[in-house]
S.K.: 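Please see the structure below; I have some questions.
Here, residue 1 is the first one in the sequence, and each next residue gets the next number. Keep in mind that this is a model prediction, so the values were computed, not measured.
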Amino acid sequence: MLKQTICNHIVSLTEVRTPQAYVCEECVKTGSSWVHLRTCQTCGITLCCDSSPNKHATKHFHRTGHPVVASAEPGERWLWCYVDEQMVSY
Ligand SMILES: [Zn+2]
Ligand SMILES: [Zn+2]
Ligand SMILES: [Zn+2]
C-alpha cells in the first residue's frame, strides 16, 4: 500500500525531463566540478547536487522557486521536491 501522499508539485508533472547534457551548466561556466547531477523539472536545466561543492541545484531552487528536480544520474529514476522534501520513484 502506498503510504505517502505525493505532493502537488510532483503530481502536476506531465513528463519527466531528462538532461540535455550530462554536465552542470553552472559549474561548466566557472570551471568547477560536481559529484551528481539533477535536472530541474520546471525549466530543464541540469545542475549539481548537494554533495557537490557548489550545490547549484539547491541554489537554483532558492533563486527561482522551481520546486522539483529529477536525478540526472544514469539508472536513477526519482524526483525530489524541495518544498515538501519528498522523494518519489518513477
Ligand atoms: Zn512538492
Ligand atoms: Zn554546479
Ligand atoms: Zn528551473
S.K.: Suppose clustering is done on Ile, Leu, Val, Met, Phe, Trp and Tyr with side-chain heavy atoms closer than 4.5 Å. Which residues sit in the same group as Leu47?
M.R.: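 Joined to Leu47, directly or through intermediates: Ile45.
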
S.K.: Output the distance between atom CG (Leu13) and atom CD1 (Ile6), rounded to the nearest 0.5 Å.
M.R.: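 Reported to 0.5 Å precision, the distance equals 10.5 Å.
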
S.K.: With sequence neighbours excluded, give me every ring-ring contact (aromatic ring centres under 6.0 Å, His included) pair touching residues 50-69.
M.R.: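 Residue pairs with at least one partner in residues 50-69: His60-His66, Phe61-Tyr82.
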
S.K.: Could you pull out all donor-acceptor pairs under 3.5 Å where a side-chain atom in residues 17-33 meets a protein atom, sequence neighbours excluded?
M.R.:
| residue | atom | partner | partner atom | Å |
| --- | --- | --- | --- | --- |
| Arg17 | NE | Gln41 | O | 3.4 |
| Arg17 | NH1 | Cys43 | O | 3.4 |
| Arg17 | NH2 | Thr42 | O | 3.3 |
| Thr30 | OG1 | Cys27 | O | 3.3 |
| Ser32 | OG | Asn54 | ND2 | 2.6 |

S.K.: Determine, stepwise, if the pair Val35 / Cys49 fulfils side chain to side chain contact (heavy atoms under 4.5 Å, CB included).
M.R.: CA-CA 7 Å; Val35 179; Cys49 71; 4.3 Å; yes

S.K.: Would you check if Met87 and Leu79 make a side-chain contact, meaning some heavy-atom pair closer than 4.5 Å?
M.R.: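 Heavy-atom side-chain distance check fails, nothing below 4.5 Å.
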
S.K.: Ignoring hydrogens and angles, tell me if any N or O in the side chain of Thr39 forms a donor-acceptor pair with the backbone of Thr46 under 3.5 Å.
M.R.: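 A pair under 3.5 Å: no.
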
S.K.: For the CH2 atom of Trp80 and the CD1 atom of Ile10, what is their distance to the nearest 0.5 Å?
M.R.: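 Reported to 0.5 Å precision, the distance equals 9.0 Å.
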
S.K.: Trp78 versus Val88: any side-chain heavy-atom pair under 4.5 Å?
M.R.: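 Not touching, per the 4.5 Å side-chain cut-off.
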
S.K.: Would a 4.5 Å heavy-atom cut-off, applied to side chains only, mark Cys48 and His36 as touching?
M.R.: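 Not in contact.
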
S.K.: Return each pair, listed once, that meets salt bridge (Lys or Arg N to Asp or Glu O under 4.0 Å) where at least one residue sits in residues 39-61; pairs must be two or more places apart or across chains.
M.R.: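 Non-adjacent pairs meeting salt bridge (Lys or Arg N to Asp or Glu O under 4.0 Å): zero.
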
S.K.: Quick one: salt bridge (Lys or Arg N to Asp or Glu O under 4.0 Å) pairs with a partner in residues 73-83, sequence neighbours left out?
M.R.: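 Those involving residues 73-83 do not exist here.
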
S.K.: How close do Val69 and Cys40 get, heavy atom to heavy atom, and via which atoms?
M.R.: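 Scanning both residues completely, I find the closest heavy atoms to be CG1-CA, 4.1 Å.
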
S.K.: Can you name the residues that form a side chain to side chain contact (heavy atoms under 4.5 Å, CB included) with Ser12, not counting sequence neighbours?
M.R.: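 Partners of Ser12 by the side chain to side chain contact (heavy atoms under 4.5 Å, CB included) criterion come out as none, since no residue qualifies.
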
